[in-house]
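Heads up: the structure comes next, in structure tokens.
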There are 2 protein chains.
Amino acid sequence: MSSVLGEPKGKGASYSKRKLEVFKAAAKLFNERGFNNATMDDIAATLNVTKPALYYYAKSKDEILFEIGSIALGEALLLLENIFTEERTAADSLHLFFVSWTESICQEFGRCMVLVKPELLGPESRKRSKFSRRTIHHHVANLIQIGISDGSIRPCKPDLISLALFDLFNGIAYWYQEDGLLNPTEIANQYWCNFGQGLLEN
Amino acid sequence: MSSVLGEPKGKGASYSKRKLEVFKAAAKLFNERGFNNATMDDIAATLNVTKPALYYYAKSKDEILFEIGSIALGEALLLLENIFTEERTAADSLHLFFVSWTESICQEFGRCMVLVKPELLGPESRKRSKFSRRTIHHHVANLIQIGISDGSIRPCKPDLISLALFDLFNGIAYWYQEDGLLNPTEIANQYWCNFGQGLLEN
DNA sequence: TATATTACTTACTGGTCAGTAACCAAATTA
DNA sequence: TAATTTGGTTACTGACCAGTAAGTAATATA
């Protein structure tokens, strides 16, 4: 068993580096064409190798998808575990998190995590993927609860609003284009301002 | 050429009724397993018929997907064209629309429209589907602009906020369950209240 | 009562694609 | 310099699956 980011037994740094290139090419094609419409031959072709070469780095197409998701989810979780500090309001921490989240889901791995649903994975991988997602949701719901307590967030249902915030920001992954008017940080800030302050006059 | 909802040449009402049953069964499976993982055999099985029977109602799997999307998009567009009236603010019209939209995307056809991306369609169908989606976006952006003018909506970028609102509400389609705590109308109203009034204390 | 239409069926085909077996050349190591 | 490891290659297989050809039984129609 290799850890998600560590180097597998007996293989060195150059192996890991190449593996990441392979995964990145895969993620890009999954995002552009959908998981099922991106073939292993397609992925290999963009790397100028032949299909069997890919099996040197992953033992199945599903494993590639799972590991891509694990990397993105792992990074988000790490961020989330360290973002809370007494020095700022929970609302500000939440803002910081969703800016980072948006930056992540506008890159290949993060985007793949959002676009390609865990339903495509096998039973075991699906369970682990869903568990990670739930953990992240719980962290955010907690942060919202803290925000209500410290007076930086209006009273609301933390679980539902956590869902809503991910719904809001994840949507960006579906339409974001690198050559668009706004970069991910700007989009996230705009979303945060508008929905944070409220859309409606009252 | 049959119109999306009308009865095709020479076929009666019972044909159309059965066709809708077939499409509904297809939509349900597309939503549960994803378009590529739901086979024509699977769809046929849930209807207790064999695969070729399906081709009596649609000439390809792609056509089923396209028509499901057309029905859902057509209904939304119809609603949107009739929702604006001088008797209420644009903000209230927008609220009404997104409640209806949420109810739609929590049913099989609407959900299918959100979950299954137009990238899976052939070139011509994809173009038509994307055009419908853009039209709907423009209508909503217009309504937001009217809301800014009539003073019911805070100044913002209507195009971006239209995107954001669809991002927000479409997310519901990914996690909604019929046996959950809240029904679609309640979820939509909660989302509207929280994001309409603003999440943050200030 | 002959004819046509409706709503299917059984049996099959052809293409696509994930994954494998076996081999190889260049670099590294003993 | 022999042996091993690394990072591939060519050639193949087997399963799956959309779509088709041809037939049929029941119902409606003329």
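Naming: A, B, ... by sequence-line order, numbering from 1 per chain.
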Every stem of 3 or more Watson-Crick or G-U pairs under 3.5 Å that DNA chain D joins, in order of first number, is C:1-30 with D:1-30
[atom1] of [X] versus [atom2] of [N]: gap in Å, rounded?
{"X": "B:Lys51", "N": "C:dT13", "atom1": "NZ", "atom2": "C1'", "value": "11 Å"}
{"X": "A:Asp62", "N": "C:dG19", "atom1": "CG", "atom2": "P", "value": "7 Å"}
{"X": "B:Asp41", "N": "D:dA15", "atom1": "CG", "atom2": "P", "value": "17 Å"}
{"X": "A:Asn37", "N": "C:dT16", "atom1": "CG", "atom2": "P", "value": "13 Å"}
{"X": "B:Asn48", "N": "C:dC8", "atom1": "CG", "atom2": "C1'", "value": "13 Å"}
{"X": "A:Asp42", "N": "C:dT16", "atom1": "CG", "atom2": "P", "value": "12 Å"}
{"X": "A:Asn36", "N": "D:dA18", "atom1": "CG", "atom2": "C1'", "value": "14 Å"}
{"X": "A:Leu54", "N": "C:dT20", "atom1": "CG", "atom2": "P", "value": "13 Å"}

Given [options], which nucleotide is nearest the side-chain atoms of [X]?
{"X": "A:Tyr55", "options": "C:dT9, C:dG19, D:dC17", "result": "C:dG19"}
{"X": "A:Pro52", "options": "C:dA18, C:dA7, D:dT9", "result": "D:dT9"}
{"X": "A:Met40", "options": "C:dC8, C:dT20, C:dA18", "result": "C:dA18"}

Test item: [X] and [Y] side chains (from C-beta on) under 4.5 Å apart, heavy atoms:
{"X": "B:Leu160", "Y": "A:Leu182", "result": "yes"}
{"X": "B:Ile83", "Y": "B:His139", "result": "no"}
{"X": "A:Leu168", "Y": "A:Phe98", "result": "no"}

Indicate whether the side chain of A:Asn170 and that of B:Tyr174 have a donor and an acceptor atom separated by less than 3.5 Å.
no
Is there a side-chain polar atom (N or O) of [X] under 4.0 Å from OP1 or OP2 of [N]?
{"X": "A:Arg18", "N": "D:dG8", "answer": "yes"}
{"X": "A:Tyr57", "N": "D:dG8", "answer": "yes"}
{"X": "A:Tyr15", "N": "D:dT5", "answer": "no"}
{"X": "A:Tyr56", "N": "D:dG8", "answer": "no"}
{"X": "A:Thr50", "N": "D:dT9", "answer": "yes"}

Any donor-acceptor N/O pair under 3.5 Å between D:dG19 base and B:Lys61 side chain
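Donor-acceptor pair under 3.5 Å: no.
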Under 3.5 Å, is there any donor-acceptor pair linking the side chain of A:Lys59 to the base of C:dG19?
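No pair found.
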Are B:Cys106 and B:Ile172 close enough, and set up right, to give a side chain to side chain contact (heavy atoms under 4.5 Å, CB included), and what steps lead you there?
CA-CA 8 Å; B:Cys106 289; B:Ile172 299 169; 3.9 Å; yes
N/O donor-acceptor pair under 3.5 Å between B:Asp150 side chain and B:Ala90 backbone:
yes
Give a yes or no on whether the backbone of B:Tyr56 and the side-chain of B:Lys59 come within a donor-acceptor separation of less than 3.5 Å.
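Not a single qualifying donor-acceptor pair exists.
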Check step by step if salt bridge (Lys or Arg N to Asp or Glu O under 4.0 Å) holds for B:Arg18 and B:Glu21.
CA-CA 5 Å; B:Arg18 180 68 171 152; B:Glu21 284 172 28; 2.9 Å; yes
